[in-house]
Amino acid sequence: MLQLLKAIEESRKKFKELKKDGKNPMFKNNFSTITNIFDSCKSALEENGINVSFHTYVNETIQKDVLVLTLTHLPSGEAKTSELMLIDDKRGAQAVGSAITYHRRYMLQAMLNLEADGETDDDGNEASKIPTLKTTKKEPEVTKENMTAKNLVD
């Protein structure tokens, strides 16, 4: 694994600046597309003998699609793999295709330690918010003034 990690670090020195020309219409912000990410790093990875490949399979146990990213250092044969279950709410080719594109981008960013999303990108942040708890109606404070026989019975 050492040769692969060294090759990744050498490649990172030559990565181009990431563009953010993807537009999120819902949140009106920009993000780096998978094309932007590949444009930034592909030639540097190739120069250092690193192959990037993706494939999918269906995990039969949980009946879910899984996306696999493999970085292979071709000269040494060392490889590093990451797997991610694809989550889609509406099964079907379009939903799976959309999930693959979305996850390919984030998996590659994570595996190469890329800073592709800044403070202006909310692509996925809204979906990952922790739900806030609903507050319950606060009971009135018991004081001498509101302590009547009627209030005590209610």
Validation row: Met111, Leu69 side chains within 4.5 angstrom (heavy atoms): yes
Qualifying residues under side-chain hydrogen bond (donor to acceptor under 3.5 Å, both in side chains), relative to Lys80, sequence neighbours excluded: none
pair Arg12-Asn113: side-chain heavy atoms closer than 4.5 Å: yes
Nearest-0.5 Å distance, OG of residue Ser40 to CZ of residue Phe15: 6.5 Å
Any donor-acceptor N/O pair, Gln63 side chain to Glu60 backbone, under 3.5 Å: yes
Side chains of Ile37 and Gln109 in contact at under 4.5 Å (non-hydrogen atoms): yes
Check: Lys20 and Phe31 side chains under 4.5 Å, non-hydrogen atoms: no
Option from Leu84, Leu108, Asp65 for which side chain to side chain contact (heavy atoms under 4.5 Å, CB included) with His103 holds: Leu84
For Lys16, salt bridge (Lys or Arg N to Asp or Glu O under 4.0 Å) partners two or more places apart: none
Any side-chain heavy-atom pair of Tyr102 and Ile34 under 4.5 Å: no
Non-neighbouring partners of Ser76 that pass side-chain hydrogen bond (donor to acceptor under 3.5 Å, both in side chains), sequence neighbours left out: His73
Side-chain donor-acceptor contact under 3.5 Å, Asp21 with Asn36: yes
For Asn48, all residues meeting side-chain hydrogen bond (donor to acceptor under 3.5 Å, both in side chains), sequence neighbours excluded: Ser11
Approximate separation, where rounding is to 0.5 Å, of Ile100 CD1 and His55 NE2: 11.5 Å
Whichever hydrophobic residues join Tyr57 through chains of side-chain contacts under 4.5 Å: Val66, Val68
Minimum side-chain heavy-atom gap Leu74-Ile50 below 4.5 Å: no
Straight-line distance of Arg105 CZ to Thr33 OG1, nearest 0.5 Å: 7.5 Å
Atom pair OG (Ser32) and OH (Tyr106), whose distance is rounded to the nearest 0.5 Å: 9.0 Å
Over all atoms of both residues, closest heavy-atom pair of Glu78 and Leu4: OE1-N, 2.7 Å
Connected via hydrophobic side-chain network under 4.5 Å: Ile62 and Val58: no
Where Thr70 and Ala79 come nearest, the two heavy atoms and their spacing: CG2-CB, 4.0 Å
Residues which pass side-chain hydrogen bond (donor to acceptor under 3.5 Å, both in side chains) with Glu46, listed by chain and number, not counting sequence neighbours: Lys42
Student check: side-chain heavy atoms of Glu10 and Ile8 closer than 4.5 Å: no
Validation row: Arg104, Phe38 side chains within 4.5 angstrom (heavy atoms): yes
